Amino acid sequence: MKKINFAHLLLLLLAISIITPPTAQAGSDVQQAQALARRLSPRLAGKVVFRQLLLNGNNDAFGIEGKDGKVVITGNNANSMAVGLNYYLKKYCLTTVSWYADVPVELPATLPDVAVAHTSTARVPQRFFLNYCTFGYSMPFWQWKDWERFIDWMALNGVNMPLAITGQESVWYNVWTRLGMTDEQVRSYFTGPVYLPWHRMSNIDGWCGPLPKQWLEGQTALQKLILARERALGMRPVLPAFAGHVPRELKTLYPNADIKHLGQWDGFADQYRTYFLNSEDPLYAKIQKMFLQEQSRLFGTDHIYGVDLFNEVAPPSLEPGYLNQVSRHIYESLKAVDKKAQWLQMGWFLYYQRKDFTPERTRAMLTGVPQGKMTMLDYFAERTEVWRMHDKFYGQPYIWCYLGNFGGNTVLHGNVKQAGERLEQALREGGHNLKGIGSTLEGLDVQQFPFEYIFDKAWTSLAGDAQVASDVADRHAGYRSPQARKAWDLLYNHVLTFPAGTRYGTAATTNPVLGKLGHRSALRYDPALLAQTWRLLAAQDSVVTDAMRIDMVWTGRQLLGDLFGYEKLLFDKALAARDTVAMHEYSNEMLSLLGDIDCLNAQEPHCTLDAWVRQARAMGTDKATSDYYEMNARRIITTWGGDLNGYACRGWSGLVRDYYLPCWQAYIDEAMQAARAGRPFDEKGFNQRMERFQLAWCEPGTPHDEGMDYPHDVLALSRMLLKKYRTELAAFIQAHTATASNKK
């Protein structure tokens, strides 16, 4: 008897269920999938045919097969069809669609046929993406063209629950002015544009404000476009709701209201502290109603609201009864306006403030909301799975999330393979209320693989570990490159072995500190393996894709940055011995490395300060507003504010040369002067000079990398740098090996 191909049989059964869509919505799904393919490449629109299917179950599904020279992709909605299209692009075309709008989709000269039919079903109904912080670290100056590609990328990766918080300040502006505040008071209550995420999370008010009125108007129009496209592609955007954060002026306007200030946040002065209105106060329900009605008028609703309480700030009380009442009243205020309301709460506070939020207190807070009406985001599950600490969130639905990046730090990290293993275990053991998979990255950086990998796990028919590494290598190279496969085997299995952390980077992009590198510069992998990875990538015949160029910049700048840290410690050792000859030698290596790191980053446009500054200035309608946006853009990636200097460190071209290199040159100069004079290094005086320089650098008009004419051949440059630093890398690796052996 002939064997049955069950995958093909399933596809045939799905095909039988395909209907000629009788409804506008069904037709719209096919049309939206076709439009997405056309946006990626008109050639795809001529090769790929989309058809809609009906499913008896609740899980999304897609199928793909070849027929009559076409690629036929079926799906139950536009989102599933998009995932099917991405499967074709990755598996057959060996391409990775960039989340950046200016990177074209690289396709083979002849679009391949599909030889083997394939079907896949979603393992979870919800696929969440984004973080409040992403809107400050990566997206604050995006135009519609940037969002359009990014939304397409989300659809291709199956995201159906994106955080959608653009433009909410316009809603709040209308609410606060109706409650009696002036235009100036409201705009001064808002922070500058890059800091709005932390205003929205109730951390700070007013920092780098007031917010221009022009910003409010532009973001309102942008949000309407974002939401229309996300909804068209089968997504359910998460809009905000009132969480109790109010302007301090409201205490004057409503003197009887129960308004208290929240705790100080990350070293910011009292004038930037936030205020909280007790949810039991009648004014709370009034503001909630005003906000939700105004938001629905402007943006519609999908009935799921982000309400994030007490994020990194102390609540007025930690009594379980109080926490239970707060959450109960907030949910009731939502339901009073929207009977279908569901609350989405990020669970970061349960990790960050885990000493305060004991199981008793957390249970009280979460069970104040009816079961099924509050969904928790297990925010940093690759590091600490909060669902295990809090009994699967006491029955409330939750989403397992991979964070992967803090502050948009340009650093090679992320325990990808281990995160995948944890996620698989959670899917087996996490209970019936584990409803989704997500990512809560703080910044995009340039390397997409970890996030695409996590979203792939939301679907059946997964690749094994060996295949994961080889598949991503093939996609990034654009062909089956033996060198790329070996390189990605090292990255996946041996280098990407530790989770993201705050202020991670290399020594090259840290503020100079005498005698040490700082915890964020510590090596968490064998540098010999990273060096081998870069050599393998540089041994390829050619680099033909943007993804491979990113791989080479990503690995190379990390290795050179680690080498910089080694040379810096040798410099400090020579300083302690007052050996100025050795200090001169090591300082020359340090400065040379900084210049080469800057040049290597320039090979990838999204690794440049110029791209960031241009984007910020383009938001302005005149020089004054463009200068204001540029100041915001410069500050957040350098001095930040409060105690957060360097939190969002980037290893960008232009930033390395014009910001970090002068800091290191000043460090070297102070050390040389101290050694020659036989006096101690003046740490206090040096730090004061650094603070003045860094604050001055944040002002618009200071130099950046516009006009720099670096050669653009990442392959040739990588080979040259490996040869140039061959001796230094060998010494660095040998020293690390010896240190590791001694520790054992």
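This one's a predicted model, so the numbers in the text were calculated from it and none came from an experiment.
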Fill in the blank from the handout: Heavy atoms of Leu292 and Ala241 approach each other most closely as CD2-CB, 4.0 Å
Practice task
Of all the heavy-atom pairs spanning Glu442 and Asn131, show the shortest one and how long it is.
Solution key: CG-ND2, 3.6 Å
Exercise for the section: Quick one: do Trp459 and Tyr87 satisfy ring-ring contact (aromatic ring centres under 6.0 Å, His included)? Show the steps, please. Expected result: CA-CA 11 Å; Trp459 299 82; Tyr87 180 87; over 10 Å; no
Problem - Cationic N near anionic O, under 4.0 Å, Lys335 to Glu332 - result: no
Exercise for the section: May I have all residue pairs that pass salt bridge (charged side-chain N to carboxylate O under 4.0 Å, His left out) and include part of residues 77-104, sequence neighbours excluded? Expected result: Lys90-Asp456
Handout entry: Backbone N/O of Gly69 and side chain of Lys47: donor-acceptor pair under 3.5 Å
Key = yes
Handout entry: Nearest-0.5 Å distance, OH of residue Tyr92 to CG of residue Asp113
Key = 9.5 Å
Practice task
Specify whether Tyr351 and Trp348 have parallel, tilted or perpendicular ring planes, treating 30° as the upper limit for parallel and 60° as the lower limit for perpendicular.
Solution key: tilted
Handout entry: From Thr440 atom OG1 to Tyr379 atom OH, the distance as rounded to the nearest 0.5 Å
Key = 5.5 Å
Problem - Test side chain to side chain contact (heavy atoms under 4.5 Å, CB included) applied to Ala164 - qualifying residues, sequence neighbours left out - result: Gln223, Leu227, Glu230, Pro237, Leu239
Handout entry: Minimum heavy-atom distance between Ser327 and Val369, given as atom pair plus value
Key = O-CG2, 3.8 Å
Exercise for the section: In plain terms, say whether Glu424 and Lys457 are close enough for a salt bridge, that is, a side-chain N and a carboxylate O under 4.0 Å apart. Expected result: yes
Practice task
Go through the side-chain N and O atoms of Glu106 and Thr545 and say whether any donor and acceptor fall under 3.5 Å apart.
Solution key: no
Practice task
Look at Asp152 together with Arg149 and state whether they make a salt bridge at an N to O cut-off of under 4.0 Å.
Solution key: no
Exercise for the section: Anything under 30° is parallel, anything over 60° is perpendicular, the rest tilted; go ahead and classify Trp153 against Phe129. Expected result: tilted
Problem - Distance flag, aromatic centroids of Phe393 and Tyr398, threshold under 6.0 Å - result: yes
Practice task
Calculate, to the nearest 0.5 Å, the distance between atoms OH and CE belonging to Tyr132 and Met201 respectively.
Solution key: 8.0 Å
Problem - Trace of the side chain to side chain donor-acceptor pair (under 3.5 Å) decision for Arg422 with Asn415 - result: CA-CA 10 Å; Arg422 283 187 170 211; Asn415 55 333; over 6 Å; no
Exercise for the section: For the residue pair Leu36 and Met81, establish whether any side-chain heavy-atom pair is separated by less than 4.5 Å. Expected result: no
Practice task
Looking only at non-hydrogen atoms, find the nearest pair between Gly136 and Pro197 and report the distance.
Solution key: N-CG, 3.4 Å
Problem - Trp142 and Phe150 aromatic centres sub-6.0 Å - result: yes
Practice task
Give a yes or no on whether the ring-centroid distance for Phe62 and Tyr88 is below 6.0 angstrom.
Solution key: no
Fill in the blank from the handout: When Phe406, Phe349, Trp400, Trp387 are each screened for ring pair (Phe, Tyr, Trp, His ring centres under 6.0 Å) with Phe380, the one that passes is Phe406
Fill in the blank from the handout: Scanning both residues in full, the closest heavy-atom pair of Ser80 with Ala61 reads CB-O, 3.2 Å
